[in-house]
2 protein chains.
Amino acid sequence: MMQGQAEQRESGSTRVAESLAMAIHEHRLSPGMKLSEDEVGEIYGVSRTVVRAALQQLAHDRLVELKRNRGAFVAQPSVKEAREVFEARALLEPRTAKSAAERATPEDIKVLQNHIDEEHEALEAGDTGRALHLSGMFHIEIARIADQTTIADFITQLVSRSSLIIALYWQRRTALCESHAHDALIKALARHDGAAAEELMQHHLLDLLTSLDLRDQPSVPRSLKEALN
Amino acid sequence: MMQGQAEQRESGSTRVAESLAMAIHEHRLSPGMKLSEDEVGEIYGVSRTVVRAALQQLAHDRLVELKRNRGAFVAQPSVKEAREVFEARALLEPRTAKSAAERATPEDIKVLQNHIDEEHEALEAGDTGRALHLSGMFHIEIARIADQTTIADFITQLVSRSSLIIALYWQRRTALCESHAHDALIKALARHDGAAAEELMQHHLLDLLTSLDLRDQPSVPRSLKEALN
DNA sequence: TGCGCTAATTTTGTATACAATCTCGTAAAC
DNA sequence: GTTTACGAGATTGTATACAAAATTAGCGCA
């Protein structure tokens, strides 16, 4: 009966959620921006029902914040939240990179190399949004290689939030994140050097964190109301 | 205008979700059981709309599994998933316990002690469901004390899933989890001994894991259909 | 009896309708 | 001129109605 492509067509809400998430990752939607249900629904040609489901998904990933009876807003991670996200990543990712190094197949390495290549391309093309997105995908891919679905899901969420954090707290004066950390990582993975991968990941995350400007200015509120509410 | 208790009354879907989660934690709902939208809605006196929202929340926490066009089922974590959950906990909780030990106030210790006392009470009363739930709350409370909201959220999710895993894979022949590990932990926290807390937590999680029967029997399917689908 | 097909029933997915709440502009009072 | 109160408009929360898909039951046939 060969059921051919098991392609279980994804539900409408997931499609909308993914599209919105992409827009947030690429910084086309800024933190604090309001996501009106009617507006979003009209854009995607779906009813408020599916928009609400999509927004709820995104809220659970902390990409949007739902305020009761007020609607959905692109999240504005506080400085504390930003630190917490990177502390969580520091706990999860180095060890996961180690596991990945021990398990990586040549195919895995190729996929990762593709990510890096595309990342460099986007960077040279000046498309920093896309470059940042691909940079995040690199981290997620490593978790996938480690064959730790649960941890990979957490890292996916953390990378998403990191994108938002970078949008808010990036110091543009710093040299771009093109620190070749990913190149070094992929080399360690290719030669199955778990210890090196673990350490490289740890330092990479620390570099990322210190490249942010995390002094206590809980983001610039757009209005007095937002500040006090 | 002093708005007094900021008690933002929670939405209907969260209420339903929390009630269902509690039922799952206390093993009143078994893994694999179907949660019909109409049925759940009738029980709580709400429409399918809010039930669907609640189920989506629970699905995101991996407490229920949503199958497209087929409905919601209480999740049946596989053996692999069970291992993954405990590996994730092994990465997150020991360090968090260390942080908690360094920050714990006397009030924090008191709250934890209450948890333990209630846990022992429930155990003596033979209410293992409640005991297990309180045992989980103990871990979550430690993450809260560490003042790491992000990690605390992850641990909350992992503890939830652990409850399901225990329901599926617990070996009843093993001596009950009343291994006094929590007593030792609270003592380490009380004297701000971070290193001890970290190590105790690590061993505690390992003990938990080894007390499960994780041989490759992906749970007993109720029917042939479930096995093949 | 056992298998396969079709149709009725049930259940989920989505859209729409109504109710509750908030926002914001206007105007009156101090 | 500033503040407060009120109400129209807009937005979200929930319920219901309809469409699409799956499950189930019944029937015919080998």
Side-chain angles (χ1 to χ4, degrees), chain A residues 1-20 32-60 64-75 221-229, chain B residues 1-20 32-60 64-75 221-229:
Chain A
M1 195 54 73
M2 88 166 280
Q3 75 181 54
Q5 62 252 42
E7 184 73 32
Q8 172 121 341
R9 217 189 107 216
E10 66 186 356
S11 114
S13 62
T14 345
R15 187 175 56 83
V16 173
E18 280 172 8
S19 176
L20 286 175
M33 193 172 287
K34 165 144 191 166
L35 301 173
S36 154
E37 296 180 357
D38 276 322
E39 205 172 336
V40 176
E42 194 162 341
I43 289 171
Y44 290 100
V46 295
S47 78
R48 279 181 51 220
T49 307
V50 348
V51 174
R52 280 178 73 82
L55 290 176
Q56 203 186 323
Q57 282 184 243
L58 293 172
H60 208 293
V64 314
E65 188 178 350
L66 294 182
K67 301 187 183 179
R68 180 167 174 83
N69 288 325
R70 286 200 221 160
F73 302 81
V74 179
R222 308 265 149 102
S223 66
L224 193 56
K225 263 189 190 159
E226 252 179 52
L228 300 180
N229 140 346
Chain B
M1 193 55 75
M2 93 164 279
Q3 73 184 55
Q5 62 250 47
E7 183 73 32
Q8 172 120 341
R9 215 187 107 217
E10 65 186 357
S11 118
S13 63
T14 350
R15 186 175 57 84
V16 173
E18 280 172 8
S19 177
L20 285 175
M33 193 171 288
K34 164 142 195 178
L35 301 173
S36 155
E37 296 180 356
D38 276 322
E39 203 171 337
V40 175
E42 194 163 339
I43 290 172
Y44 290 99
V46 294
S47 78
R48 279 180 52 220
T49 306
V50 348
V51 174
R52 280 178 74 81
L55 291 176
Q56 202 186 322
Q57 282 184 242
L58 293 172
H60 207 293
V64 315
E65 190 179 347
L66 293 181
K67 301 188 182 177
R68 181 169 173 81
N69 288 325
R70 286 200 219 160
F73 302 81
V74 179
R222 309 264 149 102
S223 66
L224 194 57
K225 263 189 189 160
E226 252 177 51
L228 300 179
N229 137 353

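Note that the structure is predicted; figures quoted are calculated from it, not measured. Numbered from 1 within each chain, the chains take letters A, B, ... in sequence-line order.
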Without decimals, in angstroms, what is the distance between [X] [atom1] and [N] [atom2]?
| X | N | atom1 | atom2 | value |
| --- | --- | --- | --- | --- |
| A:Gln56 | D:dT12 | CD | C1' | 14 Å |
| B:Glu37 | D:dT16 | CD | C1' | 14 Å |
| B:Lys67 | D:dT23 | NZ | C1' | 14 Å |
| A:Asp38 | D:dT12 | CG | C1' | 9 Å |
| B:Phe73 | C:dT11 | CZ | P | 12 Å |
| B:Leu66 | C:dG13 | CG | C1' | 12 Å |
| A:Arg48 | D:dA10 | CZ | P | 15 Å |
| B:Asn69 | D:dA20 | CG | P | 12 Å |

With the side chain of [X] defined as its heavy atoms from C-beta on, choose the nearest nucleotide among [options].
| X | options | result |
| --- | --- | --- |
| A:Ser47 | D:dA15, C:dT12, C:dT14 | C:dT14 |
| A:Val46 | C:dA15, D:dT12, D:dA15 | C:dA15 |
| B:Val50 | C:dG13, D:dA15, C:dT16 | D:dA15 |
| B:Arg68 | D:dT12, D:dT16, C:dG13 | C:dG13 |

Handout entry: Nearest atoms (heavy-atom pairs only) where B:Leu58 meets B:Ala17
Key =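 Heavy-atom minimum between the residues: CD2-O, 3.7 Å.
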Practice task
Provide the closest heavy-atom pair for A:Ala72 versus A:Leu66 in the form atom of the first, atom of the second, distance.
Solution key: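 Reported closest heavy-atom pair: CB-CD2, 3.5 Å.
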Exercise for the section: Respond yes when some side-chain nitrogen or oxygen of B:Arg52 is under 4.0 Å from OP1 or OP2 of C:dT12, and no when none is. Expected result: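 No, B:Arg52 has no side-chain N/O under 4.0 Å of OP1/OP2 on C:dT12.
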Problem - B:Lys34 vs C:dT10: side-chain N/O to OP1/OP2 distance below 4.0 Å - result: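 So the side chain of B:Lys34 is outside the cut-off, no N or O lying under 4.0 Å from OP1 or OP2 of C:dT10.
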Problem - Qualifying residue, where the test is salt bridge (Lys or Arg N to Asp or Glu O under 4.0 Å) with A:Arg48 and the options are A:Glu42, A:Glu39, A:Glu37 - result: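 Exactly one candidate clears the test, A:Glu37.
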Problem - Any B:Thr49 side-chain heavy atom under 4.5 Å of A:Arg52 side chain - result: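 Counting from C-beta outward, B:Thr49 and A:Arg52 never come under 4.5 Å.
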Practice task
Find out whether B:Leu55 and B:Leu20 are in side-chain contact, i.e. whether some heavy atom of one side chain is under 4.5 Å from a heavy atom of the other.
Solution key: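 Yes, side chains in contact.
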Exercise for the section: Measure distances between side-chain N and O atoms of A:Arg70 and base N and O atoms of D:dG13, and say whether any donor-acceptor pair falls under 3.5 Å. Expected result: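 No pair found.
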Exercise for the section: Assign B:Ser36 to base, sugar-phosphate, or nothing according to its heavy-atom contacts below 4.0 angstrom with the strands shown. Expected result: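 B:Ser36: backbone/sugar contact only, no base atoms under 4.0 Å.
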